[in-house]
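Structure record follows, encoded as structure tokens.
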Amino acid sequence: MEERRKAVLKFSNGKSFEGWSFGAEAPCDGEVVFSTAMVGYPESLTDPSYSGQILCVTYPLIGNYGVPDEGVDKWGVSKNFESEKIWVRGLVISEYSYKYSHWDAVRSLDSWMKEQGIPGIWGVDTRAITQMLRDNGSMLGMIVPQGVEKDFPVEDPNLENQIELVSCKEVKTYGEGDKTVVLVDCGVKHNILRCFIGRGVRVIRVPWDYDFTTLDYDGLFISNGPGNPEFCEKTVGHIRKALEGDKPIFGICMGNQLLARAAGASTYKLKYGHRSHNQPARMVGTPKCVITSQNHGYAVDEKTLPADWEPWFVNMNDGTNEGIRHKSKPFCSVQFHPEASSGPTDTEFLFDDFIKKL
């Protein structure tokens, strides 16, 4: 057993939880959120939608299958991760497995987090933490290793443009095919790229604030991303211009919120967000219910949708919006993640439906 060093998880409401440090022995702060996903910690940690956040994972055992290699496919897209780096600011878990076993593992979670400077804490009551966040809403917190001085106040990451931090910095093209999709990168997960490339679509990936209306394309895709959609008014302006035409538009997660804002609707912050697998979403007007993976802290206020738009999916747990669509034009988006590979794949058909419209 490796030598243990104590750490404490502090919250802005004065609560604290003592545990053991792993990963980088450095302090961190951010918005503390929880995820109820059972597997997929390499994917979760590299999901850009967690930028600015300390992730509390409710599944009781983490690290037991290690971390896979960082290999990429022939298109330069990561085979095992959702981006090129870890985006969470810190990780909170109940039990850490120092011994890992998996045919695809090349290192431990602890060593991977050390390499990327990401601290973690284990040995804390994640059930109590989750209950506190459900009762009070997501709040600011920090992980502080023993012997380090750090305390509140800290900056709220929701007051920063997280999307600008995670978006690509230059235009890049992937894949080959007769159809071209412009992908607005607000923090895109790599499996979204794989879903398009694998279906024979050429993808032009552009930064979040890039004026894609100057490009020649068959369809527009707006990706997932972290934080507050109000920081993306440049993107919203470009989408609003695209709405004047008839080329198909599809958005996921943050893309749902930005498409709604471009249409004239508003968004709001959820109490503690949706971050899990197995979230039921019903297609409005039908009995069809799909099981989804989700990761977002904001939602569309569907009551503010213009008359020519309508809700497409609704969350069966809390009634929040899970998608919108235009009543006559090929514009639609969903709040959940149809590309998710560590969870259910009930809705991957949405990529097929979008591509058929191109």
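Because the structure is a prediction, the values reported are computed rather than measured.
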**OP:** Answer yes if the ring centres of Y41 and W112 are under 6.0 angstrom apart, and no otherwise.
**Re:** no
Original post:
Any idea how Y96 and F22 line up, ring-wise: parallel (<30°), tilted (30 to 60°), or perpendicular (>60°)?
Top reply: parallel
**OP:** Tell me who clusters with F34, hydrophobic residues only, linked when side chains sit under 4.5 Å apart either directly or through other members.
**Re:** L9, F11, F17, V32, I54, V92, I121, V124, I129, M132, L133, M139, I143, Y272
Original post:
Can you name the residues that form a side chain to side chain donor-acceptor pair (under 3.5 Å) with K357, not counting sequence neighbours?
Top reply: none
Original post:
With under 30° as parallel and over 60° as perpendicular, where do the rings of F212 and H238 fit, or are they tilted in between?
Top reply: perpendicular
Original post:
Who pairs with S97 by side chain to side chain donor-acceptor pair (under 3.5 Å), at least two apart in sequence or on another chain?
Top reply: none
**OP:** Please confirm whether the backbone N or O of C168 pairs with a side-chain atom of D185, one donor and one acceptor, at under 3.5 Å?
**Re:** yes
Subject >> Side-chain donor-acceptor pair present, D47, N295, cut-off under 3.5 Å >> reply: yes
**OP:** Run the numbers on E322 and Q294 for side chain to side chain donor-acceptor pair (under 3.5 Å), then give the verdict.
**Re:** CA-CA 10 Å; E322 290 290 348; Q294 305 197 12; 3.1 Å; yes
Original post:
Do T320 and D318 have side-chain N/O donor and acceptor atoms under 3.5 Å apart?
Top reply: yes
Subject >> Residues clustered with L270, ILVMFWY side-chain links under 4.5 angstrom >> reply: Y268
Subject >> Under 3.5 Å side-chain donor-acceptor pair for E31 and Q53 >> reply: yes
**OP:** Name the orientation class of the two ring planes belonging to F351 and F250 (parallel below 30°, tilted from 30 to 60°, perpendicular beyond 60°).
**Re:** perpendicular
Original post:
Which residues satisfy the side chain to side chain donor-acceptor pair (under 3.5 Å) test with E233, sequence neighbours excluded?
Top reply: R261
Original post:
Taking only residues at least two apart or on different chains, which pairs with a member in residues 164-178 satisfy side-chain hydrogen bond (donor to acceptor under 3.5 Å, both in side chains)?
Top reply: Y174-R205
Original post:
Cation-pi between K356 and F349: NZ/CZ under 6.0 Å from ring centre and within 45° of the ring axis?
Top reply: no
Original post:
Taking the six-membered ring of Y217 as reference, does the NZ or CZ atom of K247 fall below 6.0 Å from its centre and within a 45° cone about the axis?
Top reply: yes
